[in-house]
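A quick write-up on the structure given underneath.
On a predicted model such as this, the values are computed, not experimentally measured, just so you know. Positions are given from 1 along the sequence.
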Amino acid sequence: MDRLPKGVEARLDSVYRHVTGRFCSLFESQTRNNFFGICLAQLLYEAHAEVRDDIDAIRQRLPEPGGCAMEVAPIEERLDRVQHRLLRIDEAVHLMMQERREHWGDNTRDLNQLLIEFRNAVNNLSDSLIEKDLLERQSRILQSIVLSHEKITRWKDFVREILTGFYEIFPFSLFLVASVEQKTVAV
């Protein structure tokens with residue numbers, strides 16, 4: 001951001017810092033949310049494993065069918081249903097986590113792309129402001145080039161003033177002015 005009008009560079013920098021700060025907050029929130037989801041799924045898997053182990057332990061303690069007065073079949077059916085539900089929940093959690101990972105990647109790519117596009121937009125705006133300022137300064141110099149009899153008679157001073165104005169915009173090391181006077185060239 002070279003040679004921006006006064007205050008514009010600071011305002012652009014402030015906007016850029018504010019927006020990038022908001023993006024960082026979004027990335028941080030997304031990362032924390034992702035980590036929380038992973039931990040929650042892991043906790044769920046561990047709890048289900050414990051329940052399945054408990055069901056297996058209960059089954060091992062049940063008496064053989066017909067060997068006891070209490071009916072074992074209804075208890076085993078209920079244990080089978082509970083175990084089947086846990087299996088379905090595990091499958092659903094697995095699918096949900098897989099979907100979350102895909103969305104995590106998509107969201108991260110989208111946020112990165114948006115941040116890049118914003119940075120490019122700020123740079124383009126900065127460049128256009130530099131170009132606008134440059135055009136305004138050139139326009140002021142060119143408006144001063146109004147030929148009059150006095151300026152023509154003092155043409156060296158007149159050209160010096162114009163070149164000094166241009167030098168403020170485009171610093172240059174050497175500039176030659178050639179004029180033709182009575183079939184000779186003066187530099």
Side-chain angles (χ1 to χ4, degrees), residues 1-139 169:
M1 291 188 208
D2 298 337
R3 301 183 329 215
L4 282 175
K6 291 186 180 204
V8 173
E9 184 173 355
R11 287 191 303 258
L12 277 177
D13 189 51
S14 174
V15 168
Y16 184 75
R17 287 178 189 268
H18 174 74
V19 172
T20 53
R22 299 300 300 151
F23 272 107
C24 289
S25 295
L26 279 171
F27 280 127
E28 181 182 5
S29 174
Q30 186 176 359
T31 301
R32 288 178 189 268
N33 190 15
N34 187 51
F35 183 69
F36 175 74
I38 290 169
C39 290
L40 190 61
Q42 186 62 36
L43 178 65
L44 188 62
Y45 290 140
E46 290 171 5
H48 285 190
E50 289 175 16
V51 171
R52 279 193 297 275
D53 290 345
D54 289 345
I55 289 172
D56 291 340
I58 290 170
R59 281 201 173 138
Q60 290 175 358
R61 295 177 130 192
L62 288 176
E64 291 296 320
C68 181
M70 87 181 217
E71 188 60 41
V72 176
I75 295 173
E76 283 194 359
E77 284 177 19
R78 288 190 92 177
L79 290 175
D80 285 342
R81 280 196 306 251
V82 169
Q83 202 165 22
H84 183 67
R85 281 188 192 141
L86 289 175
L87 182 62
R88 286 196 337 236
I89 290 172
D90 283 346
E91 290 171 354
V93 168
H94 176 72
L95 289 174
M96 180 187 73
M97 292 306 293
Q98 185 178 352
E99 185 72 17
R100 264 182 127 268
R101 277 191 297 275
E102 289 174 14
H103 284 292
W104 162 260
D106 292 345
N107 290 343
T108 300
R109 278 188 300 279
D110 290 345
L111 284 172
N112 279 327
Q113 186 60 37
L114 191 57
L115 188 58
I116 289 167
E117 289 172 8
F118 176 73
R119 184 182 61 219
N120 291 341
V122 167
N123 289 340
N124 289 340
L125 178 61
S126 171
D127 291 345
S128 68
L129 290 174
I130 290 171
E131 290 173 9
K132 180 182 179 244
D133 183 57
L134 186 62
L135 286 173
E136 287 173 353
R137 289 189 287 165
Q138 287 175 347
S139 176
I169 298 171

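At least one side-chain heavy atom of Q83 sits less than 4.5 Å from a side-chain heavy atom of D56. W104 places a side-chain heavy atom less than 4.5 Å from the side chain of T31. Here the side chains of R22 and S25 are in contact, with some heavy-atom distance below 4.5 Å. For the pair L26 and N107, the minimum side-chain heavy-atom distance is 4.5 Å or more. At a threshold of 4.5 Å between non-hydrogen side-chain atoms, the residues R100 and N33 count as touching.
Atom CZ of residue R109 and atom CG of residue L114 lie 14.5 Å apart, to the nearest 0.5 angstrom. Taking CG of D110 as the start and CD of E117 as the end, the distance is 9.5 Å to the nearest 0.5 Å. Here the straight-line distance linking atom CG of N120 with atom CG of L115 works out to 10.0 Å at 0.5 Å rounding. Summarising the geometry, atom CZ belonging to F27 is positioned 11.0 Å from atom OG1 belonging to T20; distances are rounded to the nearest 0.5 Å. L86 contributes atom CG, which lies 11.5 Å from atom CD of E91 (distance to the nearest 0.5 angstrom).
The nearest pair of heavy atoms linking G37 to M97 is O-CE, 3.6 Å.
Side chain of N34 to main chain of Q30: no donor-acceptor pair is present (N/O by atom type, distance under 3.5 Å, no hydrogens or angles).
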- Could you check F36 against L40 for side-chain contact (heavy atoms from CB on, under 4.5 Å), going step by step and ending with a plain yes or no? CA-CA 6 Å; F36 175 74; L40 190 61; 4.2 Å; yes
